[in-house]
Amino acid sequence: MITRKHLDRRTFLRGVGTAVSLPFLDAMVPAFAAPGAARPPLRMAFVYVPNGIDMRNWNPAYEGPLGELPRILKSLEPFKDDILLLGNLTHNTGRALLDGAGDHGRCCGSYLTGVHVKKSTSDIRNGVSMDQLVAREAGRATRFPSLELGLEDARQSGDCDSGYSCAYTNNLAWRSETQPLPPVLNPRDLFERLFGDGADLSPEARARNARYRRSVLDFVTEDTKKLESGLGATDRRKLDEYLSSIREVERQIEKAESDNQQIDPHMPKPYGVPADFAEHYRLMTNMMTIAFQADLTRVMTFLVTHEGTSRAYREIGISDGHHPLTHHRNNPDMMEKVAQINTYHVQQFAAWVEKLKAVKEGDGTLLDHSMIVYGAGLSDGNRHLHEDLPTVIAGKARGTIKTGRRVVYRRETPMCNLFLSMMDRMGARMEHFGDATGKLEGLDLA
Amino acid sequence: MGSPLRTIPWLIAACALARAATGPTFDSAVGPVLAKTCTPCHNASLASGAMDIAPFTQADSLKLNREGWDIILERLRAREMPPAGVPHPAALDAAIQYLTAEFDKADRSVKPDPGRVTARRLNRTEYTNTIRDLLAVEFRAEKSFPTDDLGDGFDNIADVLTISPVLMEKYLAAAQQIAARAVAADPLPKPLKIEFAAKDKKIRRVDLSTIEAEGRIDFDGEYTVRIGLPGERAPDAKPVTLGFWIDGRLLATKQVETKPSGLVYFSPYSEEEMRLFLPEGDHVFRAAFIGDDFVRGMAPADAYSSKKNKFLDSITLLGPFAPKDPPPSRAKIFLCDPSAGSACVDRILANLAHHAWRRPVTKAEVASLGRFVALAKANGQDTAHGIELALEAMLVSPDFLFRIEHDPNPADGAPHPVSDVELASRLSYFLWSSMPDDALMAVAEAGKLHDPAVLDAQVKRMMADPKSSALAGNFAGQWLELRSLNAIKPDPQKFPQWNSELRDAMKQETSLFFDYILRQNRPMGEFLDARYTFLNEPLAKYYGIAGVQGPEFRKVDLTTEERGGILSQASVLTVSSYPTRTSVVIRGKFILDNILGSPPPPPPPDVPQLDEASVGATASLRQQMEKHRADPMCATCHNKMDPLGFGLENYDAIGRWRTMDGRFPVDATGVLPNGKAFATPGEMRAAMRSQLPEFARCVTEKMMTYALGRGIAPNDRRTVDAITRRLAAQQYPFQTLIYEIVHSLPFQSRRGEPVSTLAAPRPKEIALR
């Protein structure tokens with residue numbers, strides 16, 4: 001392959017200095033692996049699956065210590081001691097509340113924001129998502145305040161759901177009420193973002209590049225400020241988005257310079273998007289693991305596929321689209337296929353949990369220092385129910401979550417209560433969030 | 001709801017209503033019809049179609065619930081209500097007339113409002129095209145930038161085009177890369193060889209005479225493209241045409257002998273070479289023998305035997321080599337020799353900024369760009385590198401990435417014409433999805449573009465330009481949901497004949513069809529029932545149409561009832577199907593959404609969906625659907641959707657003609673929302689003609705949305721009405737729609753944003769209760 005390696009003009013957002021070897025799935029994490037090193041930080045991630053879950057095969061018949069896991073969760077059996085199953089958490093803001101149809105659009109839009117999103121196909125209005133509130137705090141320490149990832153490309157024509165903009169179903173993370181953060185889908189994009197494009201520059205060329213980039217950013221910042229003064233409120237809002245993104249990129253450059261390390265992920269650079277779902281999932285979660293391990297970020301959201309997706313899972317012999325299947329009106333054949341898709345999704349997730357558990361750091365594993373929520377914005381996809389949302393937390397959150405149990409809360413307990421408790425653990429302490437009525441009790445109690 | 005601005009005109013309108021005492025009144029013209037014809041079903045207890053007419057029985061409902069009334073009027077005018085079986089009272093027409101007149105009167109007293117478009121970021125297509133026209137550099141934004149979100153069905157809606165930090169990183173990286181490619185200040189590296197060969201599993205065999213490979217080209221430049229051709233054919237075999245494509249675009253062809261060379265080889269093998277310019281980026285390379293009849297019907301074992309066939313086996317690229325001529329981008333940038341001095345450098349920078357920012361630039365702006373040249377020099381690099389850096393900054397600037405328009409007073413809601421220069425960009429991004437060219441810019445900067453004759457001349461010129469095919473790609477691609485074709489994956493078990501070639505051909509057909517109607521200014525009715533289409537050999541065979549040979553598309557006259565108009569094109573039929581089967585519901589909804597402009601409300605949750613398993617096994621699809629519609633909750637909407645979908649049941653889920661659906665004969669009888677019945681797709685098309693006004697209105701609204709970059713709001717009603725009236729008067733010539741939109745108030749004007757009235761566009765779906 002002809003590469004640009006020997007040319008010195010192509011780098012941007014690359015680390016400065018020597019490459020640090022980071023053997024994947026090994027105990028050699030520079031920051032936190034060595035005995036006596038700083039205590040590993042807490043990491044948080046969300047894995048979102050669309051169109052609800054076949055709840056008959058999700059909820060165990062018992063509460064308390066986890067015994068045999070139901071069919072969909074079966075693949076998490078080996079990690080039973082590392083997961084906490086939560087019942088009866090509700091997202092009331094995802095419900096119609098006089099806005100009519102569009103549960104798919106709403107439930108994804110509101111999932112992490114706790115805001116009843118504005119019903120509009122073009123005037124999008126949501127809230128700041130909790131992962132971004134966390135990123136503002138916990139993200140200060142890392143190169144990327146947060147990473148947004150996904151597996152399915154956005155819809156390119158037609159409408160997404162009943163008068164709701166596709167922005168609500170294409171994105172989980174919202175930086176402001178009007179600025180969604182689109183997930184990165186292509187493994188190669190993620191690779192280059194995290195580890196660079198392989199350009200091997202002399203220190204002088206690197207320094208010169210940094211000077212150039214800074215002057216370009218200064219120029220456009222100045223330019224934008226001049227421009228803004230003559231504009232109306234809505235146009236100014238757009239340019240503010242632009243400026244805040246510029247500032248974020250500047251921060252990343254500074255961070256890359258100061259942490260002075262280039263990470264060698266010990267994996268080949270992926271070429272593009274694999275056709276195989278499991279392979280795509282595996283590639284992305286491999287890199288997500290490294291991103292946590294190397295402390296490139298502490299906050300991630302992973303939008304597996306979109307609400308309303310008609311993806312057919314031929315990998316497991318299902319030719320019908322996912323969303324049409326979930327409107328099964330209790331047809332056993334269709335319900336079976338939904339359960340199979342749900343199971344398949346959890347299997348991929350379990351493989352990621354396994355990887356996180358295999359990474360030793362400090363006095364435990366990467367999984368021990370994480371809380372990874374696996375969930376959906378609907379429980380019953382057939383009836384579009386927003387209560388008893390399927391929710392699993394993997395990881396002990398540095399000992400602040402007691403795993404190996406199922407806890408069923410009072411009906412209609414706001415999901416936002418869980419979010420308040422998670423934000424608290426991540427150092428983003430808030431009094432209120434969404435429709436929370438308080439913190440979620442019992443995460444750390446037996 | 002009622003912003004102060006909107007309420008005042010309503011008060012005036014209400015007074016006007018009150019004064020009209022001599023003629024018919026609400027109580028004399030409308031009240032009795034409502035009571036007799038509507039109330040029996042649309043009352044509080046039955047509320048058929050979730051609609052209770054009670055709130056509409058008082059005269060003041062005309063001003064209090066205008067949007068509800070608009071929907072009612074639409075149903076009445078389209079003769080959807082009263083439904084078949086309920087008598088159509090003579091007084092109904094008088095009521096419609098009265099209501100129309102009252103609303104017209106009310107609308108006339110409302111001050112025209114052009115609405116407001118937010119500063120619009122270039123979307124991926126616009127970015128790609130703008131870079132092409134600005135610098136003659138091929139950069140494919142859709143391969144590197146995140147997918148733009150859709151609003152109102154289009155990806156150029158200002159409010160949903162946001163900038164995230166990830167996109168900003170991409171913008172910065174793209175600007176750096178594009179500037180470097182355009183200036184081409186660095187020498188090319190030593191040529192290298194990339195080989196994609198069957199033995200390394202680096203090629204994909206698309207069919208017996210087509211191979212494909214994916215790879216990355218890191219430098220613009222010339223490359224030697226070598227195709228490996230093992231084997232030989234029979235002594236009487238004819239030469240074939242070898243073609244080489246990049247990303248679906250045919251770059252070169254060459255005649256190739258296939259008969260034995262006469263030389264004795266143990267293993268015959270030959271190579272063909274072409275020298276081609278290849279642009280930087282990720283590409284799909286394809287090599288094929290075009291129209292290769294020799295392999296037809298050949299078993300794969302024979303087709304890949306070097307004794308029996310000459311076939312394609314590898315693609316090798318060797319390069320980059322410096323092109324004989326300097327890249328065209330350099331001609332665009334270097335108007336003079338920058339080593340001649342700072343006057344030339346300034347000229348270069350001013351010219352670039354003028355084009356990149358699509359507006360005149362000031363001396364101060366040029367001076368501030370000049371600092372990049374100084375910076376490069378301070379870092380030991382030459383002027384060309386400085387210009388490269390300045391170009392990079394221009395491409396990241398909001399002046400490039402956004403289309404920003406100015407109000408004299410941003411807080412003043414009074415309409416004012418956009419400047420000529422702003423109008424030039426509106427026009428070029430509408431017709432070309434790209435920046436204005438020099439001719440358009442010159443007219444605009446001379447202050448003449450608002451002159452209607454000058455504007456028309458520019459529209460005419462621009463439509464004749466090949467760049468206006470952007471309308472087919474971007475407008476039609478989204479209006480008819482053709483872009484979804486790439487995401488649709490028909491079940492390979494049920495549809496083994498589906499492949500990407502066929503898919504691309506389907507898309508091409510509709511795209512060429514749209515382009516033809518536009519360029520030839522055909523009547524819009526031909527979208528519904530044209531007696532011609534555009535086919536190449538594979539697609540013609542697929543349709544069962546004889547006499548079309550070769551891979552090129554051409555206009556073909558249709559002689560049977562099987563095809564005609566967009567609703568018989570495989571592209572549309574496929575995007576409106578499930579992966580495993582057709583869906584009368586999706587197809588019916590597609591027609592209501594995109595053809596008749598009367599989108600059905602979404603289904604309530606918990607509605608039973610079709611019992612898939614029993615379709616074709618125990619009951620025909622129609623029997624299943626009819627059972628479904630027996631449920632009154634489903635009936636209102638499905639009575640409208642399903643009969644439309646049934647009219648297309650002669651086409652399977654990938655658009656093939658059929659007369660049997662599994663074990664059951666196809667029954668394509670159905671009825672339009674206006675009551676016209678049909679029994680075949682041909683009759684359906686003829687019947688659709690009767691809904692030409694609805695179709696024209698639908699397309700007008702969609703195209704206005706696309707042209708303006710915002711959703712259609714109530715204040716646009718007057719514009720839409722006027723346009724559709726003029727279209728009807730001329731029998732719907734398609735170009736008239738373009739001219740009308742370009743001349744319309746919302747396209748030519750804008751207004752500021754009074755701080756107190758941040759009126760948001762209202763959602764499309766309006767609950768009637």
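In what follows, every chain begins at residue 1, and chains take the letters A, B, ... in the order their sequences are listed.
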Pairwise side-chain contact, B/Ile163 with A/Lys238, heavy-atom cut-off 4.5 Å (strictly under)
no
Taking C-beta and beyond as the side chain, do B/Thr147 and A/Pro182 meet within less than 4.5 Å on heavy atoms?
no
Which bit of B/Phe154 comes within less than 4.5 Å of chain A, counting heavy atoms only: side chain, backbone, both or neither?
neither
Is there a side-chain contact between B/Pro146 and A/Glu148 in this structure, where contact means two heavy atoms from C-beta onward sitting under 4.5 Å apart?
no
Chain A contact via B/Ala390 - side chain, backbone, both or neither, heavy atoms under 4.5 Å
neither
Can you tell if the side chain of A/Tyr271 reaches within under 4.5 Å of the side chain of B/Asp282, non-hydrogen atoms only?
yes
Check: B/Phe402 and A/Leu239 side chains under 4.5 Å, non-hydrogen atoms
yes
Are the side chain of B/Asp159 and the backbone N or O of A/Asp123 linked by a donor-acceptor pair below 3.5 Å?
no
What part of B/Ser583 gets within 4.5 angstrom of chain A, counting heavy atoms only: side chain, backbone, both, or neither?
neither
Keeping the roles fixed (side chain from A/Arg211, backbone from B/Asn379), state whether a donor-acceptor pair exists under 3.5 Å.
no
A/Tyr212 versus B/Gln176: any side-chain heavy-atom pair under 4.5 Å?
no
Region of B/Ile404 that comes under 4.5 Å of a non-hydrogen atom in chain A:
side chain
Can you tell me which portion of B/Arg116 sits under 4.5 Å from chain A's heavy atoms? Options are side chain, backbone, both or neither.
side chain
With a 4.5 angstrom heavy-atom cut-off, is it the side chain or the backbone of A/Arg311 that approaches chain B, or both, or neither?
neither
Using modelled atom types only, decide if a donor and an acceptor are shared between the side chain of B/Glu753 and the backbone of A/Thr234 within a distance under 3.5 Å.
yes
Evaluate B/Arg216 against A/Arg188 for side chain to side chain contact (heavy atoms under 4.5 Å, CB included), listing each step before the verdict.
CA-CA 13 Å; B/Arg216 182 170 176 77; A/Arg188 192 177 74 185; 3.9 Å; yes
Non-hydrogen atoms of chain A under 4.5 Å away: do they reach the side chain of B/Val117, the backbone, both or neither?
backbone
Quick one: what part of A/Asn171 sits under 4.5 Å from any heavy atom of chain B, side chain, backbone, both or neither?
side chain
Residue A/Glu222 versus chain B: region with a heavy atom under 4.5 Å
side chain
Quick one, A/Tyr242 with B/Leu167, criterion side chain to side chain contact (heavy atoms under 4.5 Å, CB included). Give me CA distance, side-chain angles, the key distance, then yes/no.
CA-CA 10 Å; A/Tyr242 170 95; B/Leu167 180 57; over 6 Å; no
Identify which part of A/Thr221 has an atom lying under 4.5 Å from any heavy atom of chain B, answering side chain, backbone, both or neither.
neither
My understanding is that only one of A/Arg247, A/Arg251, A/Glu248 makes a side-chain contact (heavy atoms from CB on, under 4.5 Å) with B/Pro165; could you say which?
A/Glu248
Given a strict heavy-atom distance threshold of 4.5 Å, which part of B/Arg371 is in contact with chain A: side chain, backbone, both, or neither?
side chain
Distance in Å, A/Cys166 SG paired with B/Asp148 CG, rounded so as to fall on 0.5 Å steps
11.5 Å
A/Arg236 versus chain B, heavy atoms under 4.5 Å apart: side chain, backbone, both or neither?
neither
Side chain, backbone, both or neither: which part of A/Pro183 has a heavy atom under 4.5 Å from chain B?
neither
Between A/Leu231 and chain B, which part of the residue has a heavy atom less than 4.5 Å away: side chain, backbone, both or neither?
both
Measure the spacing between OG of B/Ser144 and CG of A/Asp189 and express it to the nearest 0.5 Å.
7.5 Å
Please tell me if the side chains of A/Arg213 and B/Val396 come closer than 4.5 Å, counting only heavy atoms from C-beta onward.
no
Mind listing the closest non-hydrogen atom pair of A/Ser165 and B/Val160 along with its distance?
OG-CG1, 3.6 Å
Hey, what do you get for OG1 (B/Thr580) to CD1 (A/Ile318), rounding to the nearest 0.5 Å?
12.0 Å
Where on B/Glu195 is there a heavy atom nearer than 4.5 Å to chain A: the side chain, the backbone, both, or neither?
neither
Tell me, do B/Asp399 and A/Leu227 make a side-chain contact under 4.5 Å, heavy atoms counted?
yes
Nearest 0.5 Å, what's the CZ-OG distance between B/Arg581 and A/Ser319?
13.0 Å
Counting heavy-atom pairs under 4.5 Å with chain A, the top scorer among B/Ile157, B/Leu389, B/Asp155 is B/Leu389
With rounding to the nearest 0.5 Å, note down the distance linking NZ in B/Lys489 to CZ in A/Arg314.
8.5 Å
If I take atom OG from residue A/Ser120 and atom CG from residue B/Asp152, how far apart are they, to the nearest 0.5 angstrom?
7.0 Å
For B/Val166 and A/Leu181, what are the C-alpha separation, side-chain angles and deciding distance, and is it a side chain to side chain contact (heavy atoms under 4.5 Å, CB included)?
CA-CA 8 Å; B/Val166 169; A/Leu181 296 174; over 6 Å; no
Would you call A/Glu192 and B/Lys170 a salt bridge, using N to O less than 4.0 angstrom?
no
Do other residues, nucleotides or ligands put more than 12 heavy atoms under 6.0 Å from B/Lys143 NZ?
yes
What residue in B/Pro490, B/Ser164, B/Gly151, B/Pro398 has the most heavy-atom pairs under 4.5 Å with chain A?
B/Pro398
